[in-house]
Amino acid sequence: WGNEGHYAVCKLAEAYFSEDALLAVRKLLPDSAEGNLASVCTWPDVVKRGPAYSWSYDLHFADTPDYKCNYEYCRDCHDSSGIKGRCVTAAIYNYTKQLRSYAGDDSVSKYNLSEALMFLSHFVGDTHQPLHLGFVGDLGGNKIKLRWYGTETNLHHVWDDKIILSAMKRFYNSDLSTMIQVIQEKMTDVWSNDVATWKQCGHNITACTERYASESVSLACKFAYTNITAGGNLEDEYFLTRLPVVERRLAQGGVRLASTLNSIFAPHK
Ligand code: DCM
Ligand code: DCM
Ligand code: DCM
Ligand code: ZN
Ligand code: ZN
C-alpha cells in the first residue's frame, strides 16, 4: 500500500487493541508518533529508499509464480538473488519474535522494538495488498504499464494508491479520516460476522501469515490481473468493482494487525 493504505490499516487496528497491547504500543512508539501508531506505519517505505535500510527493500513483498495463484513459503519466500527467508511473511515472523521479547516498559531488549513495531505493522498491511503477492514475471504488476483515468501508471500502483485516492476523491470529500470512518462502520455492521472470523487468525503467526499471503495472491488472480490490457486505460468499470475488494483488505489488515499485537503482548503466553 501507499501512505493512505498503511495509515488506514493501522488506524482501523486501534479499535481492536487489547488493554495490554495498547499499553505496550504506547511505550514502544517513537516520540514523534505522539501516541498515534498510524502516523508511523509508513516509516518502512521512507527508509527502504535510503542507504541505511536498503536491506529491507525486499521484505515488503513476495513474488509468486505466474498464474499459479497460490503462495508457498519454501518456494516463494526469497529475494531476487534467491536468498531464503527474505520476504514479507518471514519478516512478519521475525519481527513478531523480536516483539515477544518485550517485557514491560523498563526492560532492555537486544532489539530495537520501536522499529520492530513499525516494521510489523507495515508488513501486516502489505501482506493484505493482493499485488504484494503478485507474479514474479511482472514484479507484482509493476511492469504492467497502463493508464488510470488517462494518467500513466502501472497496475501495482493502481492497487497501492490509485483506487484509494480515487475513492477518497469521489466518495469521501478527499478526506482519509472519513473513508476510514465509513470502513469502521461497515466492520461493526455488515461485516461484523466476518470480522469475528478474521480475528481468529492472529495467534499462530506462521500459519496465519501464510493464510493472508494466500488470500492475497488469490485475490490478485481474481480481481487485479483480470479485465486489464497492458497499455490500456482503467476507469469506472474497474474502479467500482475493485474498490470493495480494497476496502475489505484494509479492514482485514487492521483486524489481523490488532490480533497479532494482542497475541504478542498478552500477559500470559
Ligand atoms: N518461516 C515462515 N513461514 C514458515 C516457516 C518458516 O515465515 N511456514 C520463517 C520464519 C523464520 C524462518 O522462516 O524467519 C525460519 O523458520 P523456522 O523457525 O521454521 O526455522
Ligand atoms: N514490489 C512488489 N514486488 C516486486 C517489486 C516491488 O510488490 N517484485 C512493490 C514494492 C513497492 C512497489 O512494488 O510497494 C514498487 O514501488 P517503488 O517503485 O516505489 O519502490
Ligand atoms: N493523513 C493522511 N495520510 C497520512 C497521514 C495522515 O491522509 N499518511 C491524514 C489523516 C487525517 C489527518 O491526516 O485526516 C491527520 O492525521 P493525524 O491523525 O496523523 O493527525
Ligand atoms: Zn506496493
Ligand atoms: Zn511496503
Side-chain angles (χ1 to χ4, degrees), residues 6 9-33 35-45 47-48 53 55-56 58-62 71 73-74 77-79 83-128 132 195-216 252-269:
H6 284 291
V9 166
C10 289
K11 210 25 135 189
L12 291 166
E14 269 178 11
Y16 298 90
F17 285 172
S18 66
E19 197 62 32
D20 291 298
L22 197 61
L23 284 172
V25 166
R26 277 205 200 120
K27 288 288 177 196
L28 291 175
L29 280 179
D31 293 338
S32 64
N36 182 11
L37 176 63
S39 69
V40 291
C41 283
T42 56
W43 174 82
D45 277 336
V47 297
K48 77 179 183 187
Y53 289 86
W55 54 268
S56 66
D58 292 311
L59 302 182
H60 292 251
F61 56 86
Y71 176 74
Y73 174 79
C74 291
C77 188
H78 52 77
D79 62 19
I83 299 170
K84 291 260 182 204
R86 292 195 35 83
C87 86
V88 70
T89 63
I92 290 172
Y93 177 91
N94 288 327
Y95 287 115
T96 297
K97 208 158 144 190
Q98 289 188 17
L99 284 167
R100 281 188 184 275
S101 72
Y102 176 76
D105 52 21
D106 50 11
S107 70
V108 271
S109 170
K110 60 179 168 171
Y111 304 113
N112 183 332
L113 296 183
S114 297
E115 290 192 3
L117 174 65
M118 296 190 286
F119 275 125
L120 178 73
S121 304
H122 182 96
F123 294 146
V124 171
D126 274 341
T127 39
H128 283 80
H132 274 239
V195 167
T197 68
W198 301 342
K199 270 185 196 165
Q200 283 163 10
C201 222
H203 304 294
N204 180 340
I205 302 300
T206 307
C208 293
T209 309
E210 250 136 88
R211 186 195 291 187
Y212 312 155
S214 305
E215 289 168 355
S216 270
Q252 283 180 313
V255 167
R256 268 92 170 254
L257 172 57
S259 303
T260 305
L261 292 173
N262 292 347
S263 165
I264 289 170
F265 296 119
H268 307 292
K269 54 172 193 243

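The first residue of the sequence shown is numbered 1, and numbering continues consecutively from there.
Note that the CG atom of N112 and the CE atom of M118 stand 7.0 Å from one another [nearest 0.5 Å]. Atoms OG1 and CD1, from T206 and I92 in turn, are 10.5 Å apart once rounded to the nearest 0.5 Å. Going from atom CG of D58 over to atom CD1 of I83 covers 9.0 Å, rounded to the nearest 0.5 Å. Of the inter-residue distances, the one linking H122 atom NE2 with L37 atom CG reads 12.5 Å to the nearest 0.5 angstrom.
In this structure, the side-chain contact (heavy atoms from CB on, under 4.5 Å) partners of L23, at least two apart in sequence or on a different chain, are R26. Every residue two or more places apart in sequence or in another chain was checked for a side chain to side chain donor-acceptor pair (under 3.5 Å) with Y212, and none qualifies. In this view, S216 and R249 satisfy the side chain to side chain donor-acceptor pair (under 3.5 Å) rule, not counting sequence neighbours. Residues passing the side-chain contact (heavy atoms from CB on, under 4.5 Å) test with V47, sequence neighbours excluded: W43, Y53.
Counting heavy atoms from C-beta on, the side chains of L99 and L28 come closer than 4.5 Å. A heavy-atom distance below 4.5 Å is not found between the side chains of L59 and V88. At a threshold of 4.5 Å between non-hydrogen side-chain atoms, the residues V195 and W198 count as touching. Within the 4.5 Å cutoff, the side chain of P30 has heavy atoms near those of the V40 side chain. Residues R100 and F265 form no side-chain contact, since every pair of their non-hydrogen atoms from C-beta on lies 4.5 Å or further apart. In this structure, the side chains of L120 and I264 come closer than 4.5 Å at one or more pairs of heavy atoms.
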* Tell me, with the steps shown, if Q98 and L113 meet side-chain contact (heavy atoms from CB on, under 4.5 Å). => CA-CA 7 Å; Q98 289 188 17; L113 296 183; 4.2 Å; yes
* To do: Would you please test V9 and C41 for side-chain contact (heavy atoms from CB on, under 4.5 Å) and show each step?
  => CA-CA 9 Å; V9 166; C41 283; over 6 Å; no
* What's the verdict on side-chain contact (heavy atoms from CB on, under 4.5 Å) for E210 and C201, showing C-alpha distance, side-chain angles and the deciding distance? -> CA-CA 10 Å; E210 250 136 88; C201 222; over 6 Å; no
* Passes side-chain hydrogen bond (donor to acceptor under 3.5 Å, both in side chains), T209 versus R256? Steps please. -> CA-CA 9 Å; T209 309; R256 268 92 170 254; over 6 Å; no
* From CA spacing to verdict: side-chain contact (heavy atoms from CB on, under 4.5 Å), C87, F61 -> CA-CA 6 Å; C87 86; F61 56 86; over 6 Å; no
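Of the possible donor and acceptor atoms, one in the side chain of K84 sits under 3.5 Å from a partner among the backbone N and O of C74. Between the N204 side chain and the C208 main chain, no donor and acceptor come within less than 3.5 Å of each other. A donor-acceptor distance shorter than 3.5 angstrom exists from the side chain of S259 to the backbone of K199, with no hydrogens or angles considered. No donor-acceptor pair under 3.5 Å is formed between the side chain of H132 and the backbone N or O of H128.
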Would you list the atom pairs, donor with acceptor, under 3.5 Å between side chains in residues 12-22 and any protein atom, with sequence neighbours excluded?
{"residue": "S18", "atom": "OG", "partner": "A21", "partner atom": "N", "Å": "3.1"}
{"residue": "S18", "atom": "OG", "partner": "N262", "partner atom": "OD1", "Å": "3.3"}

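Contact between Y73 and G85 at its shortest, heavy atoms only, is OH-CA, 3.9 Å. Pairing each heavy atom of S263 with each of G202, the nearest pair is CB-O, 3.7 Å. Of all non-hydrogen atoms in H203 and Q200, the two that sit nearest each other are CD2-O, 3.6 Å.
Residue pairs meeting the salt bridge (Lys or Arg N to Asp or Glu O under 4.0 Å) criterion with at least one member in residues 114-128, sequence neighbours excluded, do not occur.
Looking at Y71 and T89, their side chains do bring a donor and an acceptor atom within 3.5 Å of each other. For the residue pair R86/H78, the side-chain donor-acceptor check at 3.5 Å is not satisfied.
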